[in-house]
Amino acid sequence: MSPAKKNIMIGLAGQQNAGKSTIFNMLTGANQHIANYPGVTVDKKTGNYRDELGRVEVVDLPGTYSLTSFSLEERVARDFLLRERPDAILNVIDASSLRRGLYFTFQILEMSFPVVMALNMVDVATAQGRKIDHEKLGRLLGIEVVPTVGRKGRGKLELRQALRRAAREERGEDEGFQDQHGLRIIYEELEEHIASVHEQLLESENLVKAVPLRWMAVKLLEGDSEALKLLRRHHARADAVMDAVSAATAVFQGKMDITPADYIVTCRDRLAASLVEQCVEVTRADTVRFSEKIDRVLLHRAFAPIFLVLTVYMIYELSIVQGYKLTFLTWPALAWVRTVVAGLLPDPGLLHDTILRSMSLWMVDSVNTLLNYVPIFLILFALIAILEDSGYMARIAFILDRVFQSFGLHGQSTLPFILGGVFTGGCAVPGIMATKGIPDERSRLATILTVPYMNCLAKIPLYTLLVSIYFAAYKSYLMLFISTITIIMAMIIAKLLTSTILRGRETAPFVMEMPNYHMPTLMGVLRRAVDRTWVYIKKVGTIVVAVAVVVYVLLQFPGLPEERMSYFDARMDEAIATFRGNIQETPYAEILADDQAVLNLLNIANTYREAKLAASTQEASSAVDDRYEALHPEIFPLLRPRDADARTISRHLRGLSSERSNLRTAIREETIVYSYFGTVGRALEPVTQYAGFDWKINVALISSFAARESSVATLGVLFQEGADESLSLEERMERSGEATGFTPLHAFALILFFALYPPCLATTIMVKVQTGSYKWMFFSIIFPTVFGLAVASGVFTISTWLGLSGIQAMVGFYFLALGTAIGLSFLPDPAWKEPKAALTRAKEV
């Protein structure tokens, strides 16, 4: 016997809702790490603990119902087992659904790994009137079976000891797979064909080392596509083997009138039923299970939609509305970080800052904007964890799945759309984050690419601005249109995508499970919320820096022409000269004789004013005074004037500071106009004119890519005429519109384009994070731009030809889109020739 290994690796496998996460947390405690499996976006959670022999690393595999190759999670779990060859597998089973769990266990046993079973939630099974003889079950399976209650920490020591016993021996890297237990599933009529294929597989030494051959033979007879790839990779006579498999399949099917795959399922299910019959004693028969009682209400044909609406409303209210209020607490902390960073950078100039300072603060602002979402995410992920752990998430998917399936989406697409802003005021970033739970890759991608069409909070200012100016008499109609047209367009686009470019994407047989209801644990919910939020912080924090640099360059370069900068410099010089003229009679004029001294005074006065505003108590305010008096004793009397001369300088300093601020704002405004983005805006005008957009609108839309809110801010910058008269932006745009012929039809085209516009910077980053692909990130930018511009141009141009007003164009477009969506819903889905939902509930004894 080989010596026992000190450090071992355990693969934690099991079906969803079996309590895998609670067992993982029970074993590893706080020593956990989350990453992605190489090349995919599936979470890879690892943790470790130490026992008397050494370190034990636990890898939490994706929760799956089988180890076939239908879904990404299944392939990830299976590939990990074959490539990494963990020293033992910890198989977590829900004791209240033993028969269903055994089906998964059989597949792990066939892969010839040492296995320990955690028979989890035995207290629930007992409460339901089932007593499981775990020792007998272990003898029949040939493995150790440990009863556990993960949420209460029961069975922790026994599990650790059993895992050590299962992984007690060293194995060579090139050593082939060996049977590790006593159970062999007998496939009866199929056995002779399995043996025949097995013999041919033995011809390949590489295959012998790579996979368990009996498992491989079964997989080939099942028609597993990934097994076929393995065969072609490792077997020189792969085609001959496949011919033999095809011949065996034909013979078997002709004799038994059933496919080998279905027959294999039948044999496994029969064995599972036999084991349950031998090991489970029903102590209380004919009782209606607790979960079924709840479902009679929550899934009632009439009440289900009501409970669903209330649930999503509560999620929206708690995470987006209440969570956003918490940002008022986090933002001061982020602003303080910005102040600290600003203090470490070179001081600002009169009108120009160094690139080091401006770019650094730009990146800090970008990161702060995203980190400000953290309270929302913490609440959101905690609520999602509660829904998942309680079992209601599966019910949400079930209730809406049929509608979404008509458009190639999934029942679990509901929550991302709600969070994205179906009800107006959401955010696409948490919406896309919530797509992680969608098991179908095609539906997940379609959801990721359509969630940004929802009405996020940042779109509202522009909608409000345009509706107030051009549709004042139809406000309610426009808001209803905006609230509903986005979901209609999202359904249309989802159908188009899933029928075309996503057509070949992976889909899985639609199996919807109704897990038993469970009470979530506080630690489990908190840990998952923190884990998922931390993943967001790390991933976004690394990507956003790179993207922020690109946006900075496009908005700041090539900069203003020399003559414009000379103009602003001259105005600043004039302001300083005026300031000096006003203070020359004061005793402080001498210390402010040069420009650098004036600049220092302006900068120190600004930081002093910010520090005083941040001081919340009298003691803190006095401390600020003491600090600045100690640091700047010569000019402190000007910061806190007590005599007439100091007050004179302070008054004129405020005027100079105001002029400096105005000039810096004007420079930023013109910099946008002359920037690469501005140049693009002008270059696009010949194209966007068909949608009624001039270059100012183009620049506003382009700049809003960084953040939606900036669209209105940029418009405020570009529509300056009337600003000196204290006119509001609405009044300035209305006045400009009268002069340039901007009509309600122009405004409607702009609203329509904004609704279909590409996601903002943070959302595109999240698309990259969730898809793991820059290709989809760029697609999420390019496709909506082209599609939105085509729709807006078509509506504007045709409406102009027909002489329609803005409100008439809105009504016509709405019914056209609604009719298109209804028509597309009747087109058959290319992935499902016979779409059907298999609702399963564990009713086994």
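Sequence positions, counted from 1, serve as the residue numbers for this chain. Since the model is a prediction, treat every value here as computed from it, not as a measurement.
- To the nearest 0.5 angstrom, H193 atom NE2 is 15.0 Å from Y187 atom OH.
- Side chain to side chain, S274 and Q278 meet the donor-acceptor criterion of an N or O pair below 3.5 Å.
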* To do: Evaluate side-chain contact (heavy atoms from CB on, under 4.5 Å) for L228 paired with M242, printing each intermediate quantity in order.
  => CA-CA 8 Å; L228 177 57; M242 281 311 302; 3.3 Å; yes

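- Between M117 atom CE and L98 atom CG the span is 7.0 Å, to the nearest 0.5 Å.
- Using a 4.5 Å cut-off on side-chain heavy atoms (C-beta onward), L220 and L201 make contact.
- Once rounded to the nearest 0.5 Å, the distance linking CZ of R99 with CG of D269 reads 4.0 Å.
- For the pair L140 and C279, the minimum side-chain heavy-atom distance is below 4.5 Å.
- Here the side chains of V56 and I10 are in contact, with some heavy-atom distance below 4.5 Å.
- With hydrogens and angles ignored, the 3.5 Å screen pairs a side-chain donor or acceptor of K495 with a backbone N or O of L827.
- Between T249 and T259, the closest side-chain pair of non-hydrogen atoms is not below 4.5 Å.
- Closest non-hydrogen pair, M216 versus L207, comes out as CE-CD1, 4.3 Å.
- A cation-pi contact, defined as under 6.0 Å to the ring centre and within 45° of the axis, links R268 to Y103.
- Closest approach of F407 and M491 over heavy atoms only: CD2-O, 3.4 Å.
- Of the inter-residue distances, the one linking I108 atom CD1 with L141 atom CG reads 11.5 Å to the nearest 0.5 angstrom.
- A donor-acceptor pair under 3.5 Å links the side-chain atoms of T771 to the main chain of V767, judged by distance alone.
- Under a 3.5 Å cut-off, the side chain of T148 and the backbone N or O of G150 do not form any donor-acceptor pair.
- Residues L12 and V92 have side chains in contact (heavy-atom distance under 4.5 Å, counting atoms from C-beta outward).
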Just do the side-chain contact (heavy atoms from CB on, under 4.5 Å) check on L445 and F779 with the steps written out, would you? CA-CA 11 Å; L445 274 173; F779 179 84; over 6 Å; no

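- When ring centroids are compared, F252 and Y263 come within the 6.0 Å threshold.
- Proximity of L496 to I492: side-chain heavy atoms (C-beta onward) are separated by under 4.5 Å at one or more points.
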Check the pair F417, V451 against side-chain contact (heavy atoms from CB on, under 4.5 Å), reporting the backbone distance first and the verdict last. CA-CA 6 Å; F417 283 129; V451 161; 4.0 Å; yes

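- Between the side chain of H235 and the backbone N or O of L230, no donor-acceptor pair lies under 3.5 Å.
- M26 and L159 get closest at one heavy-atom pair: CE-CD1, 4.0 Å.
- Rounded to the nearest 0.5 Å, atoms CZ (R164) and CG (D87) are 8.5 Å apart.
- Minimum interatomic distance between K20 and G14 (heavy atoms only, all atoms of both residues): CD-N, 3.4 Å.
- Looking at S204 and N206, their side chains never bring a donor and an acceptor atom within 3.5 Å of each other.
- Between V116 and I143 the shortest side-chain heavy-atom distance does not fall below 4.5 Å.
- A donor atom on one side chain and an acceptor atom on the other are not found under 3.5 Å apart for T500 and R503.
- Considering every non-hydrogen atom in both I185 and R214, the closest pair reads O-NH2, 2.8 Å.
- No option in T435, T450, T447 other than T447 meets the side-chain hydrogen bond (donor to acceptor under 3.5 Å, both in side chains) test with S413.
- Enclosure of atom CD in E205 is not indicated, since only 12 or fewer non-hydrogen atoms of other residues, nucleotides or ligands lie within 6.0 angstrom.
- Test L27, V58, V115 against L90 for side chain to side chain contact (heavy atoms under 4.5 Å, CB included) and you get one pass: L27.
- Between E144 and R139 no salt bridge is recorded (no basic side-chain N to carboxylate O distance below 4.0 Å).
- Side chains of D94 and N120 form no contact here, defined as non-hydrogen atoms less than 4.5 Å apart.
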Quiz prompt | Stepwise side-chain contact (heavy atoms from CB on, under 4.5 Å) check, K131 with V280 | solution = CA-CA 6 Å; K131 182 179 179 182; V280 178; over 6 Å; no

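- Annotation for A166 and P114: closest pair O-CB, 3.4 Å, computed over non-hydrogen atoms.
- Remark: the backbone N or O of R100 is not paired with any side-chain donor or acceptor of S97 at under 3.5 angstrom.
- Going from atom OH of Y392 over to atom CG of L299 covers 7.5 Å, rounded to the nearest 0.5 Å.
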